[in-house]
Structures are given as C-alpha cells and as structure tokens.
A.B. asks: 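If you scroll down you'll find the structure; I have some questions about it.
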Amino acid sequence: MADPISTPLITKMMSGLGGLAGGVSFMAFYKPTNVWDAAIRSGLSVTAAIVSTPVLIDYYHLNHDMNYIVAVSFAAGFCAWSVLSLLARSLVKIQDEKVNLK
C-alpha cells in the first residue's frame, strides 16, 4: 500500500460501500416503487457519499480513519435521497409561485 493510488482508491470504494448501505437502509423507511427506482436511489446514495465524505470529514475535523469514512458515508447515503427530494419539492414550489405571479 505504498503507492499513491491505492489509498485514495480504497477510500473511495469504502465510502461508496458505506453510501450504498446507507441508501439501502433508508429504503426500509421509504420503499421504492420498482427496481428502477431502487437502482436510481442506490446510485444517488453512492455518488453523494463519494462526493461529500471528504468534505464532511474535513468540516467536522475527524480523522481520516476507515471507521470514520464508513460512518460519514453511511450518513451521507442515508440522507441523500431525502435532502434532494426536499430540494426538488421546494424548487417546484418556487417555480409554481413565480408562474402564478405573472
């Protein structure tokens, strides 16, 4: 593990797996309608975890340890669908209000 590529690659893989676990556990609370919906949610959770895990670890001043990486990516994957659906609903509401004002 002395090469400079293996450590970031393993970190991204672990954060992706943590995000997938978080997304799948969120599906227990808010069930997908079909397999395609579950695949989209899983992909979104993995992407959100890979992108946001380094930012959240630096923001909260956590160690770059695998335990923290998996925990933060699990939380990011768990929250990804609800945060993005909240954002989408609020943007649709703002758009409807602007259309009605004209």
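Worth saying up front: this structure is predicted, and the values here are computed from it rather than measured. Side chains included, hydrogens not; waters and symmetry mates left out as well; all remaining heavy atoms used.
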A.B. asks: Just verifying a value: how many Å separate Asn34 CG and Ile40 CD1, rounded to the nearest 0.5 Å?
C.D. replies: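 Here the rounded value is 8.0 Å.
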
A.B. asks: Can you name the closest pair of heavy atoms from Ser73 and Ser15 and give their distance?
C.D. replies: CB-O, 3.2 Å

A.B. asks: Determine which pairs satisfy salt bridge (charged side-chain N to carboxylate O under 4.0 Å, His left out) with at least one residue from residues 69-88, sequence neighbours left out, and list them in order.
C.D. replies: none

A.B. asks: Distance check, rounded to the nearest 0.5 Å: Ile69 atom CD1 versus Asn63 atom CG?
C.D. replies: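 Atom-to-atom, Ile69:CD1 and Asn63:CG are 10.0 Å apart.
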
A.B. asks: Pairs in or reaching into residues 23-52: which pass salt bridge (charged side-chain N to carboxylate O under 4.0 Å, His left out), with residues at least two apart or in two chains?
C.D. replies: Asp37-Arg41

A.B. asks: Test of understanding: clusters of I, L, V, M, F, W, Y form through side-chain heavy atoms closer than 4.5 Å, transitively. Do Phe29 and Met27 belong to the same one?
C.D. replies: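 In one cluster: no.
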
A.B. asks: Nearest 0.5 angstrom please: Cys79 SG to Phe74 CZ, how far?
C.D. replies: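 Result: 9.5 Å between the selected atoms.
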
A.B. asks: Given side chain to side chain contact (heavy atoms under 4.5 Å, CB included), test Leu17 with Val70 step by step and report yes or no.
C.D. replies: CA-CA 8 Å; Leu17 288 175; Val70 172; over 6 Å; no

A.B. asks: Do Leu86 and Leu84 share a hydrophobic cluster, counting only Ile, Leu, Val, Met, Phe, Trp and Tyr and linking them when any side-chain heavy atoms are less than 4.5 Å apart?
C.D. replies: no

A.B. asks: Applying side-chain hydrogen bond (donor to acceptor under 3.5 Å, both in side chains) as the test, list every pair that has at least one member in residues 80-91; sequence neighbours left out.
C.D. replies: Ser85-Arg89

A.B. asks: I'd like to check the ring-ring contact (aromatic ring centres under 6.0 Å, His included) partners of Phe26; sequence neighbours left out, ordered by chain and number.
C.D. replies: Phe78

A.B. asks: Val51, Tyr59: one ILVMFWY side-chain cluster at the under-4.5 Å cut-off?
C.D. replies: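 Result: no, two separate clusters.
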
A.B. asks: If two hydrophobic side chains count as joined below 4.5 Å and joins carry through other members, does Met66 share a cluster with Tyr68?
C.D. replies: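 Yes.
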
A.B. asks: Could you list the cluster mates of Ile50? Members are the ILVMFWY residues connected by side-chain heavy atoms closer than 4.5 Å, either directly or through other members.
C.D. replies: Leu20, Val24, Val46

A.B. asks: Mind checking whether Pro54 and Lys12 have side chains closer than 4.5 Å, heavy atoms only?
C.D. replies: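 Yes, side chains in contact.
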
A.B. asks: Specify the closest pair of heavy atoms between Ala49 and Gly19, including all atoms of both residues, with the distance to one decimal.
C.D. replies: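 That would be CB-CA, 3.5 Å.
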
A.B. asks: Kindly state each residue pair satisfying salt bridge (charged side-chain N to carboxylate O under 4.0 Å, His left out) with at least one member in residues 47-64, sequence neighbours excluded.
C.D. replies: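 Every pair satisfying salt bridge (charged side-chain N to carboxylate O under 4.0 Å, His left out) with a residue in residues 47-64: there are none.
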
A.B. asks: If I compare all heavy atoms of Ala76 with all of Ser52, which pair ends up nearest, and what's the gap?
C.D. replies: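 Minimum heavy-atom separation between Ala76 and Ser52: CB-OG, 3.4 Å.
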
A.B. asks: Could you walk me through whether Val83 and Leu87 satisfy the side chain to side chain contact (heavy atoms under 4.5 Å, CB included) test, starting with their C-alpha distance in whole Å, then the side-chain angles of each, then the deciding distance to 0.1 Å, before giving a yes or no?
C.D. replies: CA-CA 6 Å; Val83 168; Leu87 180 68; 5.6 Å; no

A.B. asks: Dump the intermediate steps for side chain to side chain contact (heavy atoms under 4.5 Å, CB included) on Met14 and Thr53, then the final yes or no.
C.D. replies: CA-CA 10 Å; Met14 292 305 293; Thr53 297; over 6 Å; no

A.B. asks: Are Ile57 and Tyr60 in one and the same hydrophobic cluster, where Ile, Leu, Val, Met, Phe, Trp and Tyr link if side-chain heavy atoms are under 4.5 Å apart?
C.D. replies: yes

